[in-house]
Amino acid sequence: METESEPYVRLASLRQLHQVMADMNTARSLADTLQTVADGVVHALGYELACVNLVRADGDLVVAAFSGNQAAEALITGRVGSRESWDRRLGMGEQWGDLIFIPHTEGWVLDDDDVPQWYTDGPAPRFEDEWHPSDRLFAPMYAPGPQGGGSSGELIGVLSVDRPRNGRRPGAWGREALQMYAFQAAIAISNARLRSNMQRALVRLEREQQALRASEESFRQAFEYAPSGMAIAEMGGDQHGRILRTNDALCRLLGRPASAMRRYSFSDLVHPEDIGTLLRTSAEGGRAELRLGRRDGTYVWVSLRNSVVADAADGPRFLLTHVEDIEERKRRELQLAHRASHDSLTGLPNSAELRSRLSARLCRRPQSASDAVPDTMDAAFGHALFDSGGHSFDFGSTTDPYGAYDHHVHVVAPEGDRDDGTKGLAVLFCDLDGFKSINDRFGHNAGDAVLIEVARRLGGGVRDGDTVARLGGDEFVILADGLGRADAQDLAVRLRNEIIQPIRAEGRAVRVGASFGIGWAHCGMTADEVLKSADERMYVEKRSRPKQHRRAG
């Protein structure tokens, strides 16, 4: 670049400088831009050597590009100079506008710092403005500031130039050209960095999207092909709980197509008795065992396990529910519970179950804190219990530690021997007459057949909601609520008349009689006290009848 006749700079030089600046802004990458900057100094500004020192994230400067000498390029490219040393250089020497010129008379103090340097040989200058081999000229490059230029922005790099081709220090035009070039180079480098960052961000975003798509596909396959039921439901809003999506396993389990499932929520499908269980189930990690309705009107026992699917911006959005078929396990549990609480021969509730049901119906008013702890078996039973014949009996709610009942209706008993209109809980104690002789004459198989048939007849002779239990041996107990004294006596007569009918056992007809004692339960009594009272009345009734008439009734 000519510097002697600055008002008459050749148009060719300006065109060359313009082309170099254009090339900087069309480079495809940051590395290409840096090399174009270094090459432009050599080709357009008339220097033999040019170096681009780029500021790293840690503040130090690395030699990112070099032009003019392959040996020097191989030696110093990639080497790092500390920010402290660079700040020292940019703070000394002569200020040529935004340029920094350090003459050889001052630069010797920099020979031992850690900035990468290339030493050139040459004769000592013969006149004042001749370039000395140890002269240094730097053009700092700043990121464009808020107002668009100058040194108001952050330092992003330094251009180092050496050995002007004409051998002289640059004049006013040469300095301004280098300063303008450094400014345009800073813009090009900033733009290249921005493009590079954007490209990296796009690559990262694409990878994240690919990972997300892969994750979604994995989830879809895991959801669709899971061996157990899966469902996704809405959380919050007017449609809270509505089922959005189900897999094939859940549709098969409930016998409902996926399109129909989207019309329901789990509260629509759950058994009415299990609504409370569903509502008490926590959304986050909640578990529940309940019954869901099939399309054919039957119910299946399932285990529900919930997980929240959260949205990064809006928080919890969906509820993922895992539905496991536990029908077989529940059936086994119910069978085990039934065996523990029912007589194996007749299928009727056994003695322990009878006492539990009766105790659950009665409340006791404790006199001291030590009396306040309820019987464990009493507390284990809820409102409705069922006997083997399907007869349910409502015994109210369980007791609390102080004997109080939720919605408990106190049990009262008729007073005196006359029917005063009071309805109470009648306890009929039944003992078979003549049963021992059947065992002795025809064997235990015949006796078992008699007990089974008597149990069937007793179950068929009571109302739905009454309980028939086998206390042991040939003793049975009937719990019948809401009866007056005359009603209980009529029930005992009807049951006795059913029992005395001939029974087919081991190929022959046999007959047994029955004695009934009627006791009355009321709050304040224990189950054993109630049963003892009925038992005593049964023996009174048995002794009051002639022996020869007991079997025939």
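For clarity, every value in this text was computed on a predicted model and none was experimentally measured. By convention here, the first residue in the shown sequence is residue 1.
Pairing each heavy atom of V62 with each of R56, the nearest pair is CG1-CG, 3.8 Å. Taking all atoms of both residues into account, the shortest heavy-atom contact from A469 to N350 is CB-O, 4.4 Å. Annotation for P349 and V468: closest pair CD-O, 3.0 Å, computed over non-hydrogen atoms. Pairing each heavy atom of I518 with each of A492, the nearest pair is CD1-CB, 4.3 Å. Taking both residues in full, the closest heavy atoms of L362 and A521 are given as CD2-CB, 3.9 Å, listed atom of the first, atom of the second, then distance.
At least one side-chain heavy atom of L54 sits under 4.5 Å from a side-chain heavy atom of I189. R361 is not listed as a side-chain neighbour of R357, based on a closest heavy-atom distance of 4.5 Å or more. When side chains are defined from C-beta on, L253 counts as touching V302, because their heavy atoms get closer than 4.5 Å. Side-chain contact between F223 and I232 is present, with heavy atoms from C-beta onward closer than 4.5 Å. D431 is not listed as a side-chain neighbour of F476, based on a closest heavy-atom distance of 4.5 Å or more. Side-chain contact check for V477 versus C430: every heavy-atom pair is 4.5 Å or farther apart. Between V462 and L458 the shortest side-chain heavy-atom distance does not fall below 4.5 Å. The side-chain heavy atoms of I156 and S190, taken from C-beta on, include a pair separated by under 4.5 Å.
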Might you work through the side-chain contact (heavy atoms from CB on, under 4.5 Å) test for D535 and L531, ending with a clear yes or no?
CA-CA 6 Å; D535 184 31; L531 293 175; over 6 Å; no
Is there a side-chain contact (heavy atoms from CB on, under 4.5 Å) between N306 and L320 once you walk through the steps?
CA-CA 6 Å; N306 296 327; L320 177 63; over 6 Å; no
Full working for side-chain contact (heavy atoms from CB on, under 4.5 Å) between F318 and V308:
CA-CA 6 Å; F318 305 108; V308 174; over 6 Å; no
Could you go step by step and tell me if L451 and R456 meet the side-chain contact (heavy atoms from CB on, under 4.5 Å) rule?
CA-CA 9 Å; L451 292 174; R456 187 191 67 79; over 6 Å; no
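Checked by atom type and distance alone, the side chain of N439 never pairs as donor or acceptor with a backbone atom of K436 at under 3.5 Å. Here the side chain of S356 pairs a donor or acceptor atom with the backbone of A352 at under 3.5 angstrom. Side-chain atoms of D466 do not come within 3.5 Å of backbone N or O of G459 as any donor-acceptor pair.
Contact check on R457 versus E498 returns no salt bridge, with no Lys/Arg side-chain nitrogen under 4.0 Å from an Asp/Glu carboxylate oxygen. Using a cutoff of 4.0 Å between basic side-chain nitrogens and carboxylate oxygens, R213 and E206 are scored as salt-bridged. In summary, R291 and D274 engage in a salt bridge, as defined by a charged side-chain N under 4.0 Å from a carboxylate O.
Tested against D487 for a salt bridge (charged side-chain N to carboxylate O under 4.0 Å, His left out), the candidates R463, R494, K423 yield a single pass: K423. S515 pairs in a side-chain contact (heavy atoms from CB on, under 4.5 Å) with only one of the listed residues (K542, R543, R496, R537), which is K542.
With hydrogens and angles left out, the side-chain atoms of D528 and T526 include no donor and acceptor closer than 3.5 Å. Side-chain N/O atoms of D440 and S437 include no donor and acceptor closer than 3.5 Å.
Remark: R256 is positioned above the aromatic ring of Y264, its terminal NZ or CZ atom under 6.0 angstrom from the ring centre and at most 45 degrees off the axis.
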